[in-house]
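I have placed the structure first, in the form of structure tokens, so that the comments after it can refer back to it.
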Amino acid sequence: MSPVEVLASQLRPDRGWSEHLSQEFRQPYMQKLAEFLATEEQAGKTLFPASHHCFNALNSTPLDKVRVVILGQDPYHGPGQAHGLCFSVRPNVPPPPSLVNIFKEIREDLGIEPPDHGCLQPWAEQGVLLLNSVLTVVQGQAGAHQGKGWEAFTDKVIETINRERQGVVFLLWGSYAKKKGQHIDRSRHHVLDGPHPSPLSAYRGFFGCKHFSRANDWLKQEGLQPVDWSLPTKSDLLERYSKKES
């Protein structure tokens, strides 16, 4: 298979995204991106997340189940962290600072105690699309794959949700996410924006934003099921996913 065919094969065909995104893999920018990723790997560079996880956000949250979208920027670039969901890390990796602040806000907003891990996979499976703008990175090199084509692809993802779905809540934290979501139709969807949860900016208004309860209030108003923002314990999570894989 060609590099772009290998990349396209990582997107599950049963999640509803393929019929809207398959044409993107025929575009020159996506072919260049796939060739670039293949060249990076051939040069011996370690890319995160692993290739079979680069579309984890889309594969975990079918298009017709999307209720909330959280936009991130780049995958984590440390070993063992990234698994294709923005802000999320694998269960055995300590939560990074921005995620710690997200959990703090959830505790203040909803009274839910922070979990003993940082894996947000259960949110994704409830309909929370955890989408990074750029879907790969080189180990130890933050932002290494910015400007290579991923941004155009994830713009298409947002455009698809904007057009095909109704009443989705978009959580846009920080100037990058706000810019990424500037074309969302606010007559069809609900947009909550504010500062990024990074320790550098969380005290400028992320703390106290109550986005999690406000998102659920909107969903209930639309007659939709609210999100359960609590997470299982690490041991329960590991047991759940080991059963899925067995």
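FYI, the numbering just counts along the sequence from 1.
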### Query
For residues Q121 and S60, is any side-chain donor paired with an opposing acceptor at under 3.5 Å?
yes
### Task
Compare every heavy atom of D185 with every heavy atom of N162, then report the nearest pair and how far apart it is.
OD1-N, 2.8 Å
### Task
Specify whether F55 and F153 have parallel, tilted or perpendicular ring planes, treating 30° as the upper limit for parallel and 60° as the lower limit for perpendicular.
tilted
### Task
Identify the two heavy atoms, one from A34 and one from L7, that lie closest to each other, and give their separation to 0.1 Å.
CB-CD2, 4.1 Å
### Query
Counting N and O atoms only, with roles assigned by atom type, does the side chain of Q73 sit under 3.5 Å from a partner on the main chain of N132, one being a donor and the other an acceptor?
no
### Query
For the side chain of E105 and the backbone of K210, is there at least one donor-acceptor N/O pair under 3.5 Å apart?
yes
## Note on the structure
Between the CD atom in Q166 and the CG atom in L224, the distance rounded to the nearest 0.5 Å is 10.0 Å
#### Entry: Shared hydrophobic cluster, L120 / F212 (ILVMFWY, side-chain heavy atoms < 4.5 Å)
yes
### Query
Does the ring centre of F36 sit less than 6.0 Å away from the ring centre of H145?
yes
### Any donor-acceptor N/O pair, R165 side chain to H189 backbone, under 3.5 Å
no
## Note on the structure
Here the pair of heavy atoms bringing L231 nearest to P115 is CD1-CG, 3.8 Å
### Message
Could you check, using the six-membered ring where one of them is a Trp, whether W123 and F87 have ring centers closer than 6.0 angstrom?
### Response
no
### Task
Of all the heavy-atom pairs spanning S133 and E151, show the shortest one and how long it is.
OG-CG, 3.5 Å
### Query
Is any side-chain N of the basic residue among K156 and E159 closer than 4.0 Å to the acidic one's carboxylate O?
yes
#### Entry: Heavy-atom side-chain contact between W218 and L192 under 4.5 Å
no
#### Entry: T61 side chain near L130 side chain, heavy-atom distance below 4.5 Å
no
### From CA spacing to verdict: side chain to side chain contact (heavy atoms under 4.5 Å, CB included), L11, F25
CA-CA 11 Å; L11 185 63; F25 292 96; 4.1 Å; yes
### Task
Evaluate whether atom NZ of K65 has more than 12 neighbouring non-hydrogen atoms of other residues, nucleotides or ligands under 6.0 angstrom away.
no
### Task
Take V168 and I184 through the side chain to side chain contact (heavy atoms under 4.5 Å, CB included) test and state the conclusion after the steps.
CA-CA 10 Å; V168 172; I184 296 163; over 6 Å; no
### Query
Does Q141 use its side chain to pair, donor to acceptor, with the backbone of V138 at less than 3.5 Å?
no
### Task
Treating Ile, Leu, Val, Met, Phe, Trp and Tyr as nodes and any side-chain heavy-atom pair under 4.5 angstrom as an edge, say whether Y29 and L135 lie in one connected cluster.
yes
#### Entry: Any I102 side-chain heavy atom under 4.5 Å of F206 side chain
yes
### Task
In sequence, state the C-alpha distance, the side-chain angles, and the governing distance for V137 and L47, and then conclude on side chain to side chain contact (heavy atoms under 4.5 Å, CB included).
CA-CA 6 Å; V137 72; L47 306 188; over 6 Å; no
### Query
Is the closest side-chain donor-acceptor distance between K148 and T136 under 3.5 Å?
no
### Task
Spell out, yes or no, whether V89 and L71 are grouped together once hydrophobic residues are joined by side-chain heavy atoms under 4.5 Å, including indirect joins.
no
### Message
Membership question, hydrophobic clusters at under 4.5 Å side-chain separation (ILVMFWY): are L63 and L219 in the same one?
### Response
no
#### Entry: Any V227 side-chain heavy atom under 4.5 Å of V169 side chain
no
### Query
Can you tell me if E5 uses its side chain to pair, donor with acceptor, with the backbone of S2 under 3.5 Å?
yes
### Pairwise side-chain contact, K45 with Q139, heavy-atom cut-off 4.5 Å (strictly under)
no
### Task
Report yes or no: do Q146 and D74 form a side-chain donor-acceptor pair below 3.5 Å?
yes
### Message
Are F48 and W150 linked, directly or through intermediate hydrophobic residues, by side-chain heavy-atom contacts shorter than 4.5 Å (ILVMFWY only)?
### Response
no
### Message
Between R67 and Q126 (side chain of the first, backbone of the second, donor and acceptor by atom type, cut-off under 3.5 Å), is there such a pair?
### Response
yes
### Query
Does one side chain, of Q221 or H190, offer a donor that lies under 3.5 Å from an acceptor on the other?
no
### Task
Would you name the heavy atoms of S213 and L110 that are closest together and state the gap between them?
CB-CD2, 3.7 Å
### Summary
Hits for side chain to side chain donor-acceptor pair (under 3.5 Å) against W229, two or more places apart or cross-chain, chain-then-number order -> none
### Message
The test is side chain to side chain contact (heavy atoms under 4.5 Å, CB included); show your working for L172 and V191 and say whether it passes.
### Response
CA-CA 7 Å; L172 308 180; V191 177; 3.6 Å; yes
### Task
For N59 and Q10, indicate whether the former's side chain and the latter's backbone hold a donor-acceptor pair under 3.5 Å.
yes
### Task
Report the distance from atom CG of L85 to atom OH of Y76, rounding to the nearest 0.5 Å.
10.5 Å
### Query
Are S98 and P199 side-chain neighbours, meaning at least one heavy-atom pair lies under 4.5 Å?
yes
### Query
Can you check whether C119 reaches H83 side chain to side chain, under 4.5 Å on heavy atoms?
yes
### Query
Which pair of heavy atoms, one from T233 and one from H117, lies closest together, and at what distance?
C-CD2, 3.8 Å
